[in-house]
J.: 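Have a look at the structure that comes next, please.
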Protein chains: 2
Amino acid sequence: MSLTIASRHICCGGELGFYTVQSEALGLPTTFGAFIPHGASKEKPVPVLYLLAGLTCTQETFLIKANAVRFAAQHGIALVACDTSPRGANVPGETDGWDLGVGAGFYLDATQAPWRAHYRMGTFVGSELPKLVGRHFAVDEARQGIMGHSMGGHGALVHALREPEKWKSVSAFAPIVHPSAVPWGEKAFTAYLGSDRASWAAYDATELLRAGHVHPTTILVDQGEADQFLERELQPHHLEEAAKAAGQKLTLRRQAGYDHSYWFIQSFIEDHMNHHAELLKK
Amino acid sequence: MSLTIASRHICCGGELGFYTVQSEALGLPTTFGAFIPHGASKEKPVPVLYLLAGLTCTQETFLIKANAVRFAAQHGIALVACDTSPRGANVPGETDGWDLGVGAGFYLDATQAPWRAHYRMGTFVGSELPKLVGRHFAVDEARQGIMGHSMGGHGALVHALREPEKWKSVSAFAPIVHPSAVPWGEKAFTAYLGSDRASWAAYDATELLRAGHVHPTTILVDQGEADQFLERELQPHHLEEAAKAAGQKLTLRRQAGYDHSYWFIQSFIEDHMNHHAELLKK
């Protein structure tokens with residue numbers, strides 16, 4: 001798998017690039033962003049944190065709007081941000097709404113036609129991308145963490161709970177914690193996974209906890225109390241209750257006045273970067 | 001002049017809003033962003049820093065991409081970011097190129113038809129907006145600074161040199177320092193100000209310095225050495241030479257490897273915020 005450089009910039013003393021690759025999982029070219037801090041080398045590989053963005057975003061959004069790069073540079077941690085769906089799959093209807101199809105891959109592998117041919121962000125994020133990054137950059141694959149926002153928060157929680165040995169730290173901003181029970185998730189899962197709800201549990205953080213999946217570290221979640229999607233789509237109490245029942249350590253912070261935007265993420269990104277640095281730099 | 005709230009968010013403990021106003025200078029509605037840090041009040045107004053963005057940007061760009069908000073919150077400084085041109089003027093050809101018309105107001109008052117009816121960002125930024133902000137927010141109009149990027153760096157330098165008593169601190173990232181002598185400036189100034197180059201000097205930082213305009217503080221400028229527009233459009237040596245001849249204190253830092261992007265701005269924004277805080281919080 002060879003990388004094509006889409007653009008490359010020096011940022012905060014490190015190198016931030018966007019790279020296009022022909023993905024096997026997606027069967028399409030896809031672009032991701034990677035920040036490699038100054039001083040990383042094959043002899044001295046650095047921990048790496050994956051950033052999963054929310055609905056409508058691209059590989060650039062989290063990197064440019066969250067202010068994570070400065071803290072990654074300070075901690076000596078690499079960042080990797082992928083796109084939120086395949087692009088160019090040409091599935092009928094894939095651009096009809098912003099919550100299904102393009103920009104809304106939900107970080108899972110679709111099992112239903114016509115989505116299943118290309119909508120396989122689950123395998124891309126969980127397996128192909130880390131291998132690719134490990135091969136091309138000076139990162140330590142044994143020390144990788146995952147963070148996400150909204151749909152990406154769902155992705156981060158699900159991937160970390162499914163493969164805790166692969167993801168050594170996890171945090172989320174305003175995650176969709178129980179997609180099986182909210183409109184965004186029901187729409188996407190019905191399309192991607194079919195109408196048999198039993199198949200949805202493997203991609204639902206609350207259901208994974210209920211089924212005994214736990215992460216050995218504390219999960220950090222920030223949720224704005226003025227988030228416009230709080231009641232309808234996010235419902236963090238499901239995560240809280242399932243974590244308590246499962247014995248999962250969880251720090252869920254309800255932040256008064258904050259909404260669903262990157263203004264909210266900017267405000268607490270430093271805490272999240274510290275959380276990951278502490279776990280990944282051990 | 002009444003403000004309509006376009007959106008409002010809590011960010012880094014303060015309040016960040018976008019407000020639409022019917023501008024007298026522009027003869028059109030325009031939207032600006034304002035961040036007011038926690039603790040500001042009519043009894044305890046805070047200093048305010050104006051952010052001028054570059055070609056193609058909007059009132060949101062500098063605020064969301066530069067990472068300035070966290071430092072403004074720490075310093076207790078307000079931020080205000082305006083649009084880069086009028087919108088909806090319907091001047092023929094105003095959207096034909098990204099370097100003239102919409103998104104390219106150059107922070108000046110056009111004197112030539114058909115631009116002069118609405119393209120009056122000079123008066124808007126220099127006079128109308130500060131008065132408006134002073135009336136509606138808990139800021140101290142006696143302590144205001146100005147910072148800009150590229151075309152906005154030109155705007156910041158020009159406004160500060162023309163009215164140093166109004167702008168107590170000034171800095172720029174990759175500014176157009178001598179628009180009269182480079183393609184972007186020649187195109188815009190010919191359209192907005194006409195073919196008589198003598199009239200251009202009032203909006204050219206290098207020419208203002210040559211004419212004896214100086215700012216009592218040190219001007220801080222960062223310029224990336226890998227900036228794709230360095231040779232053709234920016235040419236910081238003009239500023240350096242004119243400042244030296246005029247006795248203007250200038251810290252011009254050439255940053256190896258950095259380009260023209262907000263990745264560059266993110267990397268040095270903390271220094272710029274410290275620069276303004278030191279001057280504005282005296």
Side-chain angles (χ1 to χ4, degrees), chain A residues 5-18 33-38 53 57 59-74 79 81 173-174 222-228 253-273, chain B residues 5-18 33-38 53 57 59-74 79 81 173-174 222-228 253-273:
Chain A
I5 298 169
S7 71
R8 208 140 59 160
H9 319 268
I10 302 296
C11 186
C12 297
E15 191 167 294
L16 193 144
F18 291 93
F35 171 74
I36 307 297
H38 177 75
C57 293
Q59 64 280 349
E60 190 190 49
T61 316
F62 212 122
L63 286 167
I64 192 72
K65 291 189 173 178
N67 294 11
V69 176
R70 86 171 35 250
F71 299 109
Q74 288 170 11
L79 300 174
F173 292 91
D222 273 308
Q223 173 60 59
E225 290 192 320
D227 188 318
Q228 56 270 47
R253 309 190 303 186
R254 291 181 167 85
Q255 304 287 5
Y258 285 86
D259 64 20
H260 197 67
S261 66
Y262 276 87
W263 305 112
F264 160 58
I265 298 178
Q266 286 201 2
S267 304
F268 300 103
I269 191 70
E270 185 173 10
D271 294 345
H272 284 244
M273 293 302 298
Chain B
I5 299 169
S7 70
R8 207 140 60 160
H9 318 268
I10 302 297
C11 186
C12 297
E15 192 167 294
L16 193 145
F18 291 94
F35 170 74
I36 307 298
H38 178 74
C57 293
Q59 64 280 348
E60 192 191 48
T61 317
F62 212 122
L63 286 167
I64 193 72
K65 292 189 175 179
N67 294 9
V69 176
R70 87 172 34 249
F71 300 108
Q74 287 169 11
L79 300 174
F173 292 91
D222 274 306
Q223 173 62 58
E225 290 191 321
D227 188 318
Q228 57 270 47
R253 309 192 301 187
R254 290 181 167 85
Q255 304 287 3
Y258 286 86
D259 63 19
H260 198 66
S261 66
Y262 275 87
W263 305 113
F264 161 58
I265 298 178
Q266 285 201 3
S267 304
F268 300 103
I269 191 69
E270 185 173 10
D271 293 346
H272 285 245
M273 293 302 298

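Proteins get letters first, then strands, A, B, ... in listed order; numbering begins at 1 in each. The model shown is predicted, which means the values in this text are computed figures rather than measured ones.
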J.: Please list, chain by chain and in numerical order, all residues satisfying salt bridge (Lys or Arg N to Asp or Glu O under 4.0 Å) with Glu60(B), sequence neighbours excluded.
T.: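 Salt bridge (Lys or Arg N to Asp or Glu O under 4.0 Å) list for Glu60(B), sorted by chain: empty.
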
J.: Quick one: OH on Tyr258(A) to SG on Cys12(B), what's the gap to the nearest 0.5 Å?
T.: 6.5 Å

J.: Might you point out which heavy atoms bring Arg70(A) and Gln266(B) nearest each other, and give the distance in Å?
T.: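 Minimum heavy-atom separation between Arg70(A) and Gln266(B): NH2-O, 2.7 Å.
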
J.: Where does Asn67(A) contact chain B at under 4.5 Å (heavy atoms): side chain, backbone, both or neither?
T.: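 Contact with chain B is through both the backbone and side chain of Asn67(A).
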
J.: Identify which part of Ile64(A) has an atom lying under 4.5 Å from any heavy atom of chain B, answering side chain, backbone, both or neither.
T.: both

J.: Who pairs with Gln255(A) by side-chain hydrogen bond (donor to acceptor under 3.5 Å, both in side chains), at least two apart in sequence or on another chain?
T.: Asp222(A)

J.: Measure across Ile10(B) and Gly257(A) and return the closest heavy-atom pair with its distance rounded to 0.1 Å.
T.: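 For Ile10(B) versus Gly257(A), the nearest heavy atoms are CG1-O, 3.1 Å.
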
J.: Under 4.5 Å from any heavy atom of chain B, what part of Leu63(A) do you find: side chain, backbone, both or neither?
T.: both

